[in-house]
Amino acid sequence: MASDFSFNSKVRLNKNTSDNPRQQRSRSLQVMIFMLIVTTMVGMPIFRLAELQLVQGSYNRQRAENNRIRPVSVAANRGQIVDRNGKILAASRVSRSVYLWPKERSPQEWQEVVATLSPIVKLPATEIIKKIDEAGYKSALPVRISKNIDIGTFVALGEQANTLRGVEIRSESSRDNPNQELAAHVLGYVGEASLDQLKANPAYPMGMIVGQMGVEKLVNSTLEGVWGNRLIEVNAKGEEIQDLGIKDPIPGKPVQLTLDLDMQKTAEKALGDRLGAVVAIDVKTGALLTMGSWPTFDPNIFTRKVTQKEWDRLQGPEKPFLNRAVQGYPVGSTFKIVTSVAGMESGKFAPDSTLLSSSSITIGGISFNEHGAGQGVIGFRDALAFSSNTFFYQVGMAAGPEQMSKWASKMGIGGTINLDILGIDGANHGQVPTPAEKKKMYKEDWYVGDTVTMAIGQGLVLCTPLELAVMVSTIANGGSRVQPHLLASQTNTPLTKKIPTGIKPSTLKVIKEGLVDVVKKGTGRGLNDGTIPLSAGKTGTVEMPGHPDNSMYVGFAPADKPEVAIAVIVEGGGFGAVSAAPIAHEVFKTYFQKQGFKPTNKPFK
């Protein structure tokens with residue numbers, strides 16, 4: 001078997017001998033080609049690696065050192081705030097901010113960079129270093145050190161770009177209040193989110209701008225939008241090389257207020273630089289048309305670093321942050337409207353009841369004076385028209401403090417208004433305490449003098465201008481208490497539904513007649529000049545021991561079909577007819593000019 005196998009194999013080998021040289025050459029060529037391909041495939045990366053490491057090594061090391069991949073937050077445009085007619089109260093504009101990237105340099109290098117940077121951005125070097133320290137030198141997130149920089153700072157930073165690696169100028173959306181101080185207490189201001197706000201809102205990026213006061217804070221979730229993100233590659237100068245990806249921001253939504261920009265301008269101009277407040281309100285819906293307070297502030301200063309001088313003023317004795325429209329004041333004779341309601345609704349008096357008014361009256365052995373000569377025997381209508389103190393002393397004593405407190409509350413004074421929906425910082429309610437409440441608050445007994453002074457709006461009585469506007473609206477609209485509000489979306493909704501007070505039509509009628517007579521023949525005659533429709537109102541002069549008297553006015557117009565009510569206070573303004581009433585007159589003028597009223601320039605009779 002073995003020999004057979006060997007023989008046969010030999011025969012086969014001899015049989016193929018004639019083809020062997022050609023096949024060998026073919027196979028050799030194939031092997032050479034294969035080896036060449038393999039060598040080329042292996043050699044090219046090695047060659048490229050050698051080129052990158054040896055020939056271009058220095059260049060590539062520098063490029064790797066200088067280039068960075070940076071995540072950049074893209075601010076969303078904050079929604080506009082507009083007045084009832086769509087006029088802009090607050091909007092967004094493009095600004096530039098300066099950011100630092102802490103991990104770009106060592107602590108020692110940052111000391112050197114900040115020494116150059118500090119005089120350019122006009123910030124102390126210690127303040128800049130402190131911000132980097134707080135972020136941490138290994139932080140991959142940028143730190144904003146200055147916002148809303150001017151063109152001079154922008155140019156200066158550009159000239160130093162080669163020496164300021166790690167410093168970036170970024171375009172952002174900044175808040176802009178085109179009317180500066182106008183309605184500042186209502187609008188509020190925005191600022192960078194605090195650490196607590198960032199913790200409470202994990203989705204907020206560093207540098208997030210949020211509402212810090214007023215409407216900006218109240219509806220921040222609507223206005224803020226959603227910030228986007230960009231992933232960019234930049235070189236050592238902070239210049240973008242390429243955009244690696246972007247998530248577009250979602251702009252905030254606009255918010256419409258009930259305020260009337262023109263009326264607001266008139267109110268604040270008329271108030272001038274006198275401490276006080278002006279509130280105008282729609283008597284049917286409670287929509288606030290005007291809310292002005294002085295002194296005030298410019299919200300735009302919070303889009304940049306507030307100077308020491310500006311901060312000192314904001315913290316000064318005049319308290320510019322304080323919205324006087326929602327602070328309690330003794331209100332004097334304007335409260336006689338409430339006393340009239342309490343007298344008649346208590347059942348102690350009829351609408352046609354009369355009392356003897358005189359130069360003074362003795363109650364409990366104490367003499368209480370009239371503000372002038374008595375008017376003789378008069379009723380509610382004349383008592384309001386001529387503001388008789390002695391008449392209302394008697395009404396207040398007969399009705400009692402509980403009735404006056406009850407009806408004050410029903411008409412909007414002392415806590416029945418929902419202040420939360422206004423979003424006004426530091427807003428307060430007034431007070432018209434009962435004897436029991438006085439005991440609880442002040443640990444003091446009730447005296448006859450408390451009742452007498454309450455009847456004319458002095459003593460323990462405190463009302464805010466906002467509450468006074470609601471109070472007089474209750475008389476104007478037929479006896480329902482409105483809920484004041486600032487957001488147009490809340491008008492005519494269950495949240496702001498009018499609440500009937502139960503005041504009888506006969507009570508309302510005689511009070512309205514008395515308030516109209518104030519304008520026709522009483523202390524409010526200055527409003528009866530034909531430049532506005534016939535209105536109704538009540539002046540008040542409030543004695544302030546050790547200080548000039550405060551000036552008050554409340555009213556509504558037109559007298560026959562009321563649309564708008566107003567309350568004004570001027571601290572230290574003296575007589576209500578002299579300081580407060582003329583302001584109300586100007587605001588009414590603006591309102592009715594917009595309504596197309598044609599002045600007659602003749603008093604109504």
Side-chain angles (χ1 to χ4, degrees), residues 276-281 283 324-343 371 380-381 383-389 391-393 395-396 404-405 407-414 417 429-432 453-476 481 508 511-512 514-519 522-527 535-544 549-557 562 564-571 573-585 587-588:
V278 184
V279 176
I281 192 171
V283 303
R324 285 167 163 77
V326 284
Q327 304 303 317
Y329 289 93
V331 292
S333 294
T334 59
F335 191 77
K336 291 172 181 174
I337 297 171
V338 174
T339 305
S340 296
V341 173
H371 55 72
F380 281 97
R381 180 171 178 172
L384 287 167
F386 300 109
S387 199
S388 171
N389 283 347
F391 180 93
F392 286 104
Y393 292 151
V395 173
M404 287 187 282
S405 179
W407 287 100
S409 178
K410 282 179 171 289
M411 297 171 74
I413 299 168
I417 293 173
H429 294 289
Q431 64 174 36
V432 186
T453 54
M454 176 183 283
I456 61 167
Q458 301 253 168
L460 298 174
V461 173
L462 296 175
C463 306
T464 71
L466 177 63
E467 290 176 331
L468 290 178
V470 173
M471 179 270 287
V472 77
S473 291
T474 305
I475 300 299
R481 183 179 74 245
L508 293 170
I511 293 175
K512 278 187 178 181
L515 298 181
V516 170
D517 282 348
V518 169
V519 174
T523 52
R525 291 190 302 275
L527 282 82
S535 64
K538 186 77 189 75
T539 59
T541 304
V542 186
E543 295 180 2
M544 304 295 293
D549 295 345
N550 284 349
S551 178
M552 308 288 302
Y553 186 80
V554 299
F556 58 84
V564 59
I566 196 166
V568 181
I569 179 170
V570 180
E571 295 183 25
F575 293 113
V578 173
S579 296
I583 295 173
H585 193 192
V587 176
F588 279 143

Close side-chain approach of [X] to [Y], heavy-atom, < 4.5 Å:
{"X": "Met411", "Y": "Val338", "answer": "yes"}
{"X": "Val542", "Y": "Thr334", "answer": "no"}
{"X": "Ile511", "Y": "Phe380", "answer": "no"}
{"X": "Glu543", "Y": "Asp549", "answer": "yes"}

Side chain of [X], backbone of [Y]: donor and acceptor closer than 3.5 Å?
{"X": "Ser551", "Y": "Gly573", "result": "no"}
{"X": "Thr539", "Y": "Gly524", "result": "no"}
{"X": "Glu467", "Y": "His429", "result": "no"}
{"X": "Thr523", "Y": "Ala577", "result": "no"}

TODO: Please list, chain by chain and in numerical order, all residues satisfying salt bridge (Lys or Arg N to Asp or Glu O under 4.0 Å) with Arg381, sequence neighbours excluded.
DONE: Glu513, Asp517
To the nearest 0.5 Å, how far apart are [atom1] in [X] and [atom2] in [Y]?
{"X": "Lys336", "Y": "Leu515", "atom1": "NZ", "atom2": "CG", "answer": "12.0 Å"}
{"X": "Ile566", "Y": "His585", "atom1": "CD1", "atom2": "NE2", "answer": "11.0 Å"}
{"X": "Ser388", "Y": "His371", "atom1": "OG", "atom2": "NE2", "answer": "6.5 Å"}
{"X": "Tyr329", "Y": "Met544", "atom1": "OH", "atom2": "CE", "answer": "8.5 Å"}
{"X": "Ile456", "Y": "Phe391", "atom1": "CD1", "atom2": "CZ", "answer": "14.0 Å"}
{"X": "Lys538", "Y": "Ile475", "atom1": "NZ", "atom2": "CD1", "answer": "13.5 Å"}

Nearest heavy atoms of [X] and [Y], plus distance in Å:
{"X": "Met454", "Y": "Thr339", "value": "O-OG1, 4.4 Å"}
{"X": "Ser333", "Y": "Asn389", "value": "OG-OD1, 4.4 Å"}
{"X": "Val278", "Y": "Val568", "value": "CG1-CG2, 4.1 Å"}
{"X": "Val472", "Y": "Ala469", "value": "CG1-O, 3.4 Å"}
{"X": "Val554", "Y": "Ala567", "value": "CG1-CB, 4.1 Å"}
{"X": "Val518", "Y": "Ala385", "value": "CG2-CA, 3.6 Å"}

TODO: With side chain to side chain contact (heavy atoms under 4.5 Å, CB included) as the test, would you mind laying out the steps for Phe556 and Ile281 before giving the verdict?
DONE: CA-CA 9 Å; Phe556 58 84; Ile281 192 171; over 6 Å; no
Task: Residues that Ser405 engages under side chain to side chain contact (heavy atoms under 4.5 Å, CB included), provided they are two or more places apart - done: Val432, Thr434, Glu437
Open item on the list: What verdict does the side chain to side chain contact (heavy atoms under 4.5 Å, CB included) test give for Phe335 and Met552, after you've listed the backbone C-alpha separation in whole Å, the side-chain angles of each residue and the deciding distance to 0.1 Å?
Closed with: CA-CA 10 Å; Phe335 191 77; Met552 308 288 302; over 6 Å; no
TODO: Could you walk me through whether Asn550 and Glu571 pass the side chain to side chain contact (heavy atoms under 4.5 Å, CB included) test, one step at a time?
DONE: CA-CA 5 Å; Asn550 284 349; Glu571 295 183 25; 3.9 Å; yes
